[in-house]
Structure formats: C-alpha cells, structure tokens
There are 2 protein chains.
Amino acid sequence: MSTEILSGLPLRERKKLRTRQALIDTALEQFTERGFDGTTLDELCTAVEVSKRTFFRYFDSKEDVAMAPTQDLWAAFLDDLQTRQPTGGTLLVLLRDTLFTALDRMPAEGWAERVLLSRRLAARTPSMNAHGLQFCDRTTRTAITILRERFGPADPHDLRLRLALDMMISAFHCALEEWTFQPGPASRDDLSARLRDAFAAIPGSVTMTVSA
Amino acid sequence: MSTEILSGLPLRERKKLRTRQALIDTALEQFTERGFDGTTLDELCTAVEVSKRTFFRYFDSKEDVAMAPTQDLWAAFLDDLQTRQPTGGTLLVLLRDTLFTALDRMPAEGWAERVLLSRRLAARTPSMNAHGLQFCDRTTRTAITILRERFGPADPHDLRLRLALDMMISAFHCALEEWTFQPGPASRDDLSARLRDAFAAIPGSVTMTVSA
DNA sequence: TAGTCTTATGCCACTCAGTGGCATAAACCT
DNA sequence: AGGTTTATGCCACTGAGTGGCATAAGACTA
C-alpha cells in the first residue's frame, strides 16, 4: 500500500486505511487459495486480527471486500464525469476518454494485481460476479444522473443515454475479461490498450451481419 | 396457471408444476406486500404447505423464485436462437427478431402480470436485482456460444458478438424498465412495442453528441 | 390389487453471513 | 491530565442454505 498517501493523515485515519487494505489483501489471498466459499469470514477476521463486527463496518458483505479494487476505478470515473471539461465529440468518446482518465489515476503499483485476482475470483464465484454486475448497474444510473444534470437532454425517456452508457460498460467488460485471462503480468497500460480496441469495435458490432 | 398444459402429463409431474407455480405466486404476493426482506422463507413455505427443504429443491435461492417469470422468456429466447432459421440481415436484427419470437411464445395470460410484480420488486431489492443481472450475464454467454457454433466467426477474440448481445440486453432493460413503471395494466404487446423503440434507438446512441 | 421400485417430500441438526446493543478502548482536543 | 469523540470487541440472535436419512406417494408389473 502506497505509503505516500498515508503520511499527512491523522493517526486514526491511517489505521483505518491500513485495516481496510489488510482486509482486502488477506481476503484476496485466502479466497484465491481456498476459494470464496471455502473461506469463512471468521477465518479472514482471525487472520487480520479484527472482529467480524468490525469487518462489517468496513464492507457491506463478503463479496464486497473482494470487489473493492474495481470499485475504486468507478468512483474515480464518476468523479471525473462531474468535473472534467467535456470535449465536443460524441457521447461515447466522452465516456471513453473519461474512463481512460480515471484509469490513469489508479495507483500504478499494486492496483492492477489486485484487480486481476479479484476478476479471476469473480469468474468462478457466481455471487461475486452478481455483486459486481449490480455495482456496475448502480454506477451506470449515477452516471446517467450526472450526465443529465450537466448536458441534458431534458427528455427522461430518451433511451440513447442509457444505451450509450451500457455500451461503455460492455466494452469495459470485454476488455477486462480478455485482460483477466491473458497470461503474463497484469499491467494497467495493457488494460488501457484493450479498452481502446473494445471501444473501436462498437460501431462494427451494430452493423455486423451474419451469413444467411 | 394454464390448465391446458397440465393435462396429458403424469400426476406426479402435474403436482410438481402446481407446487412450483404456487411457490412463485405466493412469493410474489408476500414479497410485494411485506417486502422481500420482510418475508422469511419459513413464512412462504408455511403458506404453500411445503417444507423449506422442498423449496430448495425447486429453486436455488430466495431471489430465484421471484425471478422465475423472466427466466422463462430467456429460456425461450435461447431455444429459438438454436432452432430459428436466420434471416440474412444484421446480427442485431436477428437478435431482436428472435427476442420478439420468444416474447410471443410467453403465455398471453398471467405472464405479464407476474413479470411486472417481479420487476417492481427487483427495483427495490438489491439482491434480487443482482440475481437478475447475473442471470442475464449467464444467458448472454450461452447465447454467444450458440451463435459461434451456428455462424462463426471462428475468431474468439472478435468482440463484436459480445458487444451486440450486450446491446440487445441493454435495449431489453431500457424497454422493460419503462414498461415496469408505466401506469396501467401490464401487457405483453406494450412491452413488445417499447422493445421495438429501444432497438430503434441503438444506432443513434452510438453517434449521439453532447454540447461542448 | 397387491407388491415392488422409484422419486419426491419431511424432519432435524448444522454452518455461516449478517445485525443490534452495549461496554470498552483508543485517538483526538484542549 | 481531563473530557469528548469515535472505532472496536463481545455476545446473543435471525435467517438462508445444506446434508442425511426416514417416510410417503406416484409409477410400473404381474
């Protein structure tokens, strides 16, 4: 965990961040080794020397702790969506670039490795996958609200906004999945490149034909 | 529950179908009245006069029973995807028409009402929503497998297939959500119409621009 | 229609995720 | 050092979901 961020904060906050990170790391470790269902919260809490009650003050559920790395990205995304000065192009390009910006803001060290563990775990753990999908859904809705506030259109029945957001999510999932199961080390830049390809494939997917 | 389907089956199968349907209907009823979390499985089982153990022989989870109506649609969709003779147009049109066909095959009576209850419930019950999203995800993956088998392309890294499938799901969700919260009675044809509109909005969502 | 085979159900005890309440301890602020 | 705030621990509890085994009900056969 990046030590730079810690300094400057009051002791209490530093401790909290450390406990939180320890829970995430130990969870990813134990879940990866013995499986999500093969690990009880009691075991995790014992390892981190924290009571189960405390665990639930940091995370909403057992799934939640293992999904934390990805959630940081989307928090950054929503933040950028609020503040970034928009370019004048298509909405999809705006969304793509905002996502790239958010990705660049993820810590260069450690983040990619955690996401990799998290995603590989999610791929073989239905309840984790479900949890992740629902988080995406919530994020999408928040993003729609932000976009409506900033740019309109006022018509809440215009479906295009939602459709475009979902396309972004879809492209992200495509890229993430390829990236997750690629051999070799996990790198943020590699994910970025795959993301670019996935976005580029969107127009073709609308016009794609099948042999009769 | 449509009585026509029951006749012709052996007694044991008829009973099973009846128990299953009773569980679904009573669950939707109780969840709607007292909330998903405000209803225990014991209460549901007592009302249907079935042991909790038996409940779990019919459904995988508490969420599952309330999602059954929608799952029937997707089962029909996958079935049609396997068997229907494809038209030669775009993939998206093929998917759209297959979905329409599946929708037409849903029982004209009762189905729409159950879906309505189910969706309204899911909208205010995170764990149900999560469950539904994961079911969509599984369905999407199955659909991809079927499509690859039938039409190729052989390249498994072509992202367009997945992107197109997700667009269909997105359009479906848009339509379903509008339909769910529209006032007045639930009709299958109304859903069909909204679905058509949602698909029509896809091309525009790719090229949509935002004011700079 | 009795007898046998097969399959669904009921019952019971158990694990584990998640919650509420309250006492304690640690960090913060003069 | 003193008092205030806030995080943690402990304990008892609810409710979802599971495994095992006995029993009952439908299905097949003579």
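What you see is a predicted model, and the numbers here were worked out from it, not measured in a lab. A note on names: the letters A, B, ... follow the listed sequences, proteins ahead of strands, and every chain is numbered from 1.
Between the base of dG26(D) and the side chain of Arg14(B) there is no donor-acceptor pair shorter than 3.5 Å. Residue-to-nucleotide contacts include no donor-acceptor pair under 3.5 Å from the side chain of Lys52(B) to the base of dG10(C).
Atom-to-atom, CG of Leu41(B) to C1' of dG17(D) comes out at 9 Å; the value is rounded to the nearest Å. In this structure, Asp60(A) atom CG and dA17(C) atom C1' are separated by 13 Å, rounded to whole Å. Rounding to whole angstrom units, NZ of residue Lys62(A) and C1' of dG15(D) are separated by 16 Å. When the P atom of dG18(C) is taken as reference, atom OH of Tyr58(A) falls 18 Å away, rounded to whole Å. Distance CZ (Phe59(B)) to C1' (dA8(C)): 15 Å, rounded to an integer number of Å. Distance, Arg57(A) CZ to dA17(C) C1': 16 Å, rounded to whole Å. One atom, CG of Asp42(A), and another, P of dG18(C), lie 12 Å apart when rounded to the nearest Å. Atom pair Leu23(A):CG and dA17(C):P shows a separation of 14 Å (rounding to whole Å applied).
OP1 or OP2 of dA27(C) sits under 4.0 Å from a side-chain N or O of Lys15(A). For Ser51(B), no side-chain nitrogen or oxygen approaches OP1 or OP2 of dT9(C) to under 4.0 Å.
Nearest nucleotide to the side chain of Phe56(B), out of dA16(D), dG18(C), dG10(C): dA16(D). Listed candidates were dG17(D), dG18(C), dT9(C). Nearest to the side chain of Ser61(B) is dG17(D). Of the listed nucleotides (dG9(D), dC28(C), dT9(C)), dT9(C) has the atom at the smallest distance from the side chain of Thr19(B). Listed nucleotides: dA16(D), dT7(C), dC11(C). Nearest to the side chain of Arg53(B): dC11(C). Out of dG9(D), dG17(D), dA25(D), the shortest distance to the side chain of Arg12(B) is found at dA25(D). Counting only heavy atoms from C-beta on, Thr40(A) has its side chain closest to dA17(C) among dA16(D), dA7(D), dA17(C).
Among the atoms of the strands shown, none is found under 4.0 Å from any heavy atom of Ser127(B). Glu13(B) comes within 4.0 angstrom of no nucleic acid atom, judged by non-hydrogen atoms across all strands. Among the protein residues, Phe55(A) comes within range of no part of the nucleic acid, since none of its heavy atoms lies under 4.0 Å from any strand. Nucleic acid contact for Lys16(A): sugar-phosphate only, since backbone atoms but no base atoms lie under 4.0 Å from a heavy atom of the residue. Backbone-only engagement by Glu49(A) is indicated by non-hydrogen atom pairs under 4.0 Å involving sugar-phosphate atoms exclusively.
With no hydrogens or angles considered, no side-chain donor-acceptor pair links Arg162(A) and Ser170(B) at under 3.5 Å. A donor-acceptor contact closer than 3.5 angstrom links the side chains of Ser51(B) and Thr54(B).
Looking only at distances, no side-chain donor or acceptor of Thr125(B) sits under 3.5 Å from a matching main-chain atom of Met128(B). Side chain of Gln71(B) to main chain of Ala68(B): no donor-acceptor pair is present (N/O by atom type, distance under 3.5 Å, no hydrogens or angles).
The residue from Leu103(B), Leu195(B), Leu95(B) that alone fulfils the side chain to side chain contact (heavy atoms under 4.5 Å, CB included) condition with Phe172(B) is Leu195(B).
The aromatic rings of Phe100(B) and Phe199(B) sit tilted relative to each other, their planes meeting at an angle between 30° and 60°.
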